[in-house]
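Input: a single structure, listed below in structure tokens.
Since the structure is predicted, the reported quantities are computational estimates derived from the model, not experimental observations. Just so it is clear: chains get the letters A, B, ... in the order the sequence lines come, proteins before strands, and each one is counted from 1.
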Amino acid sequence: MSGVWQKKDLLSLRELSAEEIGQVLSTASVFKEILGRPIKKVPALQGRTVVNLFIEPSTRTRISFELAAVRLSADVVSLDKETSSIRKGETLQDTAKNLEALQAGTIVIRHRSAGAAHFLAQRLKASVINAGDGSHEHPTQGLLDTFTIRERLGKIEGVKVLIIGDIVHSRVARSNLWALTKLGAKVKLVGPSTLLPKEFAELGVEVAHHLDGALEEADVINLLRIQHERQVQARVPSIGEYATLFGLNSERFKRCKPGVLLMHPGPIHRGVEIASELADGANSVILDQVTNGLAVRMAVLYLVSGGKGVGGDS
Amino acid sequence: MNEILLQGGLVVDPVSQREAKGDVLIRDGKIAAGKPSKDAVVIQVDGLVVTPGLIDPHVHLREPGQSAKETIATGTAAAVAGGFTSVIAMPNTSPVADGPNTIAWMKQRARETGVANVFPTGTISIGQKGEQLAPIGSLRQAGVVAITDDGHCIQSAELMRRALEYARMFDLPVLDHCEDKSLSAGGVMNEGKWSRILGLPAWPGIAEEVIVSRNVLLAELTGARVVCQHMSTAGSIRILREAKKRGVPIEGEASPHHLTLTDDRVEGYDTSFKMNPPLRTKADVEELRRGVVDGTIRFLATDHAPHCSYEKEVEFDEAPFGVVGLETALGIYLTELVHSGLMPLREVVERMSAFPSTYFGLGRGSLAVGAVADVTVIDTGRAWTVKKSEFRSLGKNTPFEGRELKGRAVLTIVDGKIRHDLDGRAGRS
């Protein structure tokens, strides 16, 4: 598989070119085909060690990365805040140095601080994959969403994608907007004005605060999880009011295009961001996203390792 | 008799309105008249500029209590290396300087280990907690030149009002770090396009402007002298400019980083660009420069804030705020204000010497006969590159690493003693 990918790390989609994103997607297609075979394992990363460093808790992303690494025959070690020495007060810097001393070839990091993946990448020879850093980016989510749209609609260019929710705190929104706009999609962000600041309009996307007019034209609707945590409480009166104004219910769904794709990065709040029957309905590709996530993460693990096929940790 | 003759320099002394080629004679720690004796140390300074010793009104010396970051010895060594003969020390030490004993200790320590003059400030509130007034009268008697809770803006308008009323009794300036914490809560960089891209919690300009507005109104009400420290936004400058037109006793302070750098520098999550208030936008930088040029902002400070490298080498949102500045400020101000043509040299010298001396009553900042011999000799044309490995400060947290600057202090004399001699001129006589 030759191509344009030269990067040691995957830190953000903003820093990728359309060609690099395209290469991840085409590599993921190959892996998806392999995942459909009876024997789903390939020896591409045999002998390479992948460390999943999940300082912020996550179940689905971590399992997806673990399984992706296993399918590529890598040796996989997973650490979380409780099992690493970070709980004992070790700094990220020291944790990273220790992992490098153990000759980890690839480090997948999930961390509550924006820039944590950059921090590691600047200091380590190992490849670093960002599995979500604070409110910054979640590149593999952006890639798997893009992959899913392309798989279903056959293209990205010109596709109208609506992303609804708490944009300001969303790393999923950021990664999606970069991947999609770089590949020519038309992205519109919708959310309460308190969760969708005006500066997002400077990033090449449209910004709106009402669903009217947005639903009707969308080819894809990506609904983000809204968490009524402390930082959101000061910005929206209640989850109920949010659902009333921004939730996708059956009534609103009638105004959408018949073939609209409904996406959600999960975990879903049924009845808040999306009505339960829509999440399970014919337009929903939510479980495709999960399956595709595996193929995309295999592609990313493969490419940052040099894409050389069978090999060691060099 | 101890004599130094600085021979043949361009003497720039704003107080006496002197700006001419000539000699400066120092005798027993004072500027002297007449002829030097034959034992005088003669230092050739032709082609160089001789100015009153520079004064930095905003420095964190970290001692007592945080001597891994900086000490009075290393901080004052950094000061003289940067051309500063006097520094005004912020009180956020450990313990905080909220009582006369700590001030007495600092002054003693400065006498024993310092190589520049150290003028301490005391806190406004006990423990910098913003709840109860510190013993401001006792602090005054112990010798503080101002009070400030720098880094911890007084959130209660009531407490700030009483602090100003009280400080007014002693004509003691009150320095405020302008930050409404309910608006900046958790913020680590400017709110704007870049905070949205980087996903970092935002510290919006409005959090500064709300407090600048409050301080203007309270200064006007009480008649106390107030300085808004390290101003960072265009809005703050406009508020201050309007207030000064009405004669409100309020001043503003600039820092080298806010005057030159913008928030896009945070892109690589380098904590050398994390300071409080944060770097703002190009429009803010431009207005800040206009404010300095038109006199809305008169203080040219550093906000020298050293930290250990291990403290700064962490996730961006976890890192402490602050950057060092003593060894780069003069180069930045000369490059960005004088060589760029925005301000004449004489005015920058005045802002960095006579003005802070008069404002804080330091009794320095002049080359008149009989004045204390604090003198800085500057090679205004000297091109050099910032290298943190060469800093005297223990803090290497500079946002200017590798920057090309023009203008550098080559000789710094404090109380008639040579404390910095970059090229070894004194030895050549």
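With a threshold of 4.5 angstrom between heavy atoms, A/Glu137 does not approach chain B through any atom at all. Heavy atoms of B/Thr271 lying under 4.5 Å from chain A are absent altogether.
Within 6.0 Å of atom NZ in B/Lys129, 12 or fewer heavy atoms from other residues, nucleotides or ligands are found, so the atom counts as exposed in its surroundings.
In this structure, B/Phe316 has its ring center no closer than 6.0 Å to that of A/His118.
Remark: side-chain polar atoms of B/Lys274 are paired, donor with acceptor, to backbone N or O of B/Ala319 under 3.5 angstrom. Looking at B/Gln155, its side chain does come within 3.5 Å of a backbone N or O of B/Cys153 through a donor-acceptor pair.
When each of A/Arg14, A/Lys198, A/His111, A/Gln122 is checked for heavy-atom pairs under 4.5 Å with chain B, A/Arg14 comes out on top.
When the side chain to side chain donor-acceptor pair (under 3.5 Å) test is applied to A/Thr95, the partners found at least two apart in sequence or on another chain are A/Glu90.
Under the 30°/60° scheme for interplanar angles, the aromatic rings of B/His230 and B/His177 are found to stand perpendicular.
Contact residues of residues 162-171 of chain A toward chain B are A/Val168 (heavy-atom distance under 4.5 Å).
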*Could you go step by step and tell me if A/His138 and A/His136 meet the ring pair (Phe, Tyr, Trp, His ring centres under 6.0 Å) rule?*
CA-CA 7 Å; A/His138 191 350; A/His136 175 226; over 10 Å; no
